[in-house]
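Structure first, commentary second.
Residue numbers begin at 1 in each chain, while the letters A, B, ... track the order of the sequences.
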Number of protein chains: 2
Amino acid sequence: MSQLHTIGEAAADSGVSAKMIRHYEKIGLIGAAERTEAGYRLYGPAEIHTLRFIRRARNLGFSVDDIGELLGLWHDEKRASKDVREVAAGHLGALRAKAAEILSMIDALEHLIAGCTNDNRPDCPILKDLSNDANPALAKEVGHKFGYQRVC
Amino acid sequence: MSQLHTIGEAAADSGVSAKMIRHYEKIGLIGAAERTEAGYRLYGPAEIHTLRFIRRARNLGFSVDDIGELLGLWHDEKRASKDVREVAAGHLGALRAKAAEILSMIDALEHLIAGCTNDNRPDCPILKDLSNDANPALAKEVGHKFGYQRVC
DNA sequence: CTTGACCTTCCCATGATGGGAAGCCCTATC
DNA sequence: GATAGGGCTTCCCATCATGGGAAGGTCAAG
């Protein structure tokens with residue numbers, strides 16, 4: 001009848017689990033939901049819209065803190081688009097840093113694996129690299145010099 | 001005199017924090033250290049070598065579980081190099097998946113930011129995208145169709 | 001009226017790491 | 001010898017987003 005939904009329906013409609021909806025309420029990301037007399041939470045279209053917003057932002061990797069800011073800007077008619085851009089750009093920078101870190105791990109690991117004989121012999125350049133005191137595999141504090149042993 | 005070091009020295013020598021050395025001992029990644037009569041942990045060259053091994057593997061992004069396996073293979077003279085390769089390859093696959101995920105977030109976010117006027121007007125395509133029910137920003141469950149609005 | 005599916009709250013776990021408190025130990029200095 | 005400091009010990013808590021599960025209340029269909 002009414003457009004009010006229980007938490008399970010809101011979860012299915014928004015893609016945010018019921019568990020997380022309650023969690024977002026507890027940490028104050030979203031306001032406390034209306035309740036039935038029995039204490040069941042109720043969600044209207046606006047709340048579900050907000051939940052979808054949150055899910056999309058999470059899909060883009062925004063932290064809950066960032067999303068709180070984005071929600072504030074979303075509801076602020078006088079917001080400046082550059083304020084939103086700033087949040088997004090900050091997150092983009094973090095994503096790029098993370099990607100660079102992972103890509104350099106991938107690069108290092110590919111080199112190590114390429115040197116592996118992949119057979120039953122015990123000789124293994126991967127372990128050699130990891131145990132070699134002279135060779136700081138991807139050591140962050142040394143910078144990336146990439147002096148990989150190609151033992152086998 | 002002896003080549004035994006306290007946990008602080010071992011930490012400085014290995015690049016693993018004292019906190020984490022104790023943690024690794026507690027979870028069984030490394031054996032319990034010798035102790036002085038006063039209860040201070042003592043580390044010899046072999047232990048510090050192991051700690052360096054652990055740090056290098058962590059720098060490559062291996063999980064502590066993976067490192068436990070690698071340590072076992074490292075100490076196993078009869079290991080097959082393909083066993084090591086398998087652990088490394090599994091981790092490499094996980095890294096590649098993570099990288100792909102982050103890169104697709106970066107891609108999506110770059111598109112959104114590129115559409116932003118970056119001024120004081122309230123119109124903002126980033127928020128529009130996040131709030132648009134018809135546009136599942138980077139929605140994992142829909143696959144990546146990338147139908148970004150270029151509103152401003 | 002029972003059954004099963006839903007809801008509630010509360011606690012615990014993840015993984016790797018750090019912060020901090022309370023208290024013991026050791027060494028150097030006065 | 002007493003004291004100051006820095007390092008060591010253990011223990012608990014926090015992060016961050018998420019889920020599992022228990023114990024118990026609610027509701028609709030049979």
Side-chain N,O ([X]) to OP1/OP2 ([N]) below 4.0 Å:
{"X": "A:Arg41", "N": "C:dT8", "answer": "yes"}
{"X": "B:Tyr40", "N": "C:dC24", "answer": "no"}
{"X": "A:Thr6", "N": "C:dC7", "answer": "yes"}
{"X": "A:Ser17", "N": "D:dG19", "answer": "yes"}
{"X": "A:Tyr24", "N": "D:dT18", "answer": "yes"}

Rounded to the nearest angstrom, tell me the gap between atom [atom1] in [X] and atom [atom2] in [N].
{"X": "B:Arg35", "N": "D:dG7", "atom1": "CZ", "atom2": "P", "result": "19 Å"}
{"X": "B:Ile21", "N": "D:dG7", "atom1": "CD1", "atom2": "C1'", "result": "14 Å"}
{"X": "B:Arg22", "N": "D:dT10", "atom1": "CZ", "atom2": "C1'", "result": "9 Å"}
{"X": "B:His23", "N": "D:dT10", "atom1": "NE2", "atom2": "C1'", "result": "15 Å"}
{"X": "B:Lys26", "N": "C:dG15", "atom1": "NZ", "atom2": "P", "result": "14 Å"}
{"X": "A:Glu37", "N": "D:dC27", "atom1": "CD", "atom2": "P", "result": "9 Å"}
{"X": "A:Ile7", "N": "D:dG25", "atom1": "CD1", "atom2": "P", "result": "20 Å"}
{"X": "A:Lys19", "N": "C:dT14", "atom1": "NZ", "atom2": "C1'", "result": "14 Å"}

Salt bridge B:Glu110-A:Arg96, side-chain N to carboxylate O under 4.0 Å: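 Salt bridge between B:Glu110 and A:Arg96, a charged N being under 4.0 Å from a carboxylate O: yes.
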Flag side-chain contact, heavy atom, 4.5 Å: B:Arg55 against B:Asn59: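 When only atoms from C-beta onward are counted, B:Asn59 and B:Arg55 do touch, with a gap below 4.5 Å.
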Sub-4.5 Å side-chain heavy-atom contact between A:Trp74 and A:Val84: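 A side-chain contact under 4.5 Å is absent here.
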Sugar-phosphate only, base, or nothing, as touched by A:Ser63 at under 4.0 Å among non-hydrogen atoms: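 Counting heavy atoms under 4.0 Å across all strands, the contact made by A:Ser63 is with sugar-phosphate only.
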Rounded distance [0.5 Å steps], CD in A:Glu101 versus CD1 in A:Ile106: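 That separation rounds to 11.0 Å.
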Residue closer to the 5' end of DNA chain C, B:Ala38 versus B:Asp65 (nearest nucleotide):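 Upstream on the strand: B:Asp65.
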Name the atoms and distances for all side-chain donor-acceptor pairs under 3.5 Å in residues 28-47 of chain B, with sequence neighbours left out.
| residue | atom | partner | partner atom | Å |
| --- | --- | --- | --- | --- |
| B:Arg35 | NH1 | B:Gly39 | O | 2.8 |
| B:Thr36 | OG1 | B:Ala38 | N | 3.2 |
| B:Thr36 | OG1 | B:Gly39 | N | 3.3 |
| B:Thr36 | OG1 | B:Tyr40 | N | 3.1 |
| B:Arg41 | NE | B:Glu25 | OE1 | 3.0 |
| B:Glu47 | OE1 | B:Gly44 | N | 2.9 |

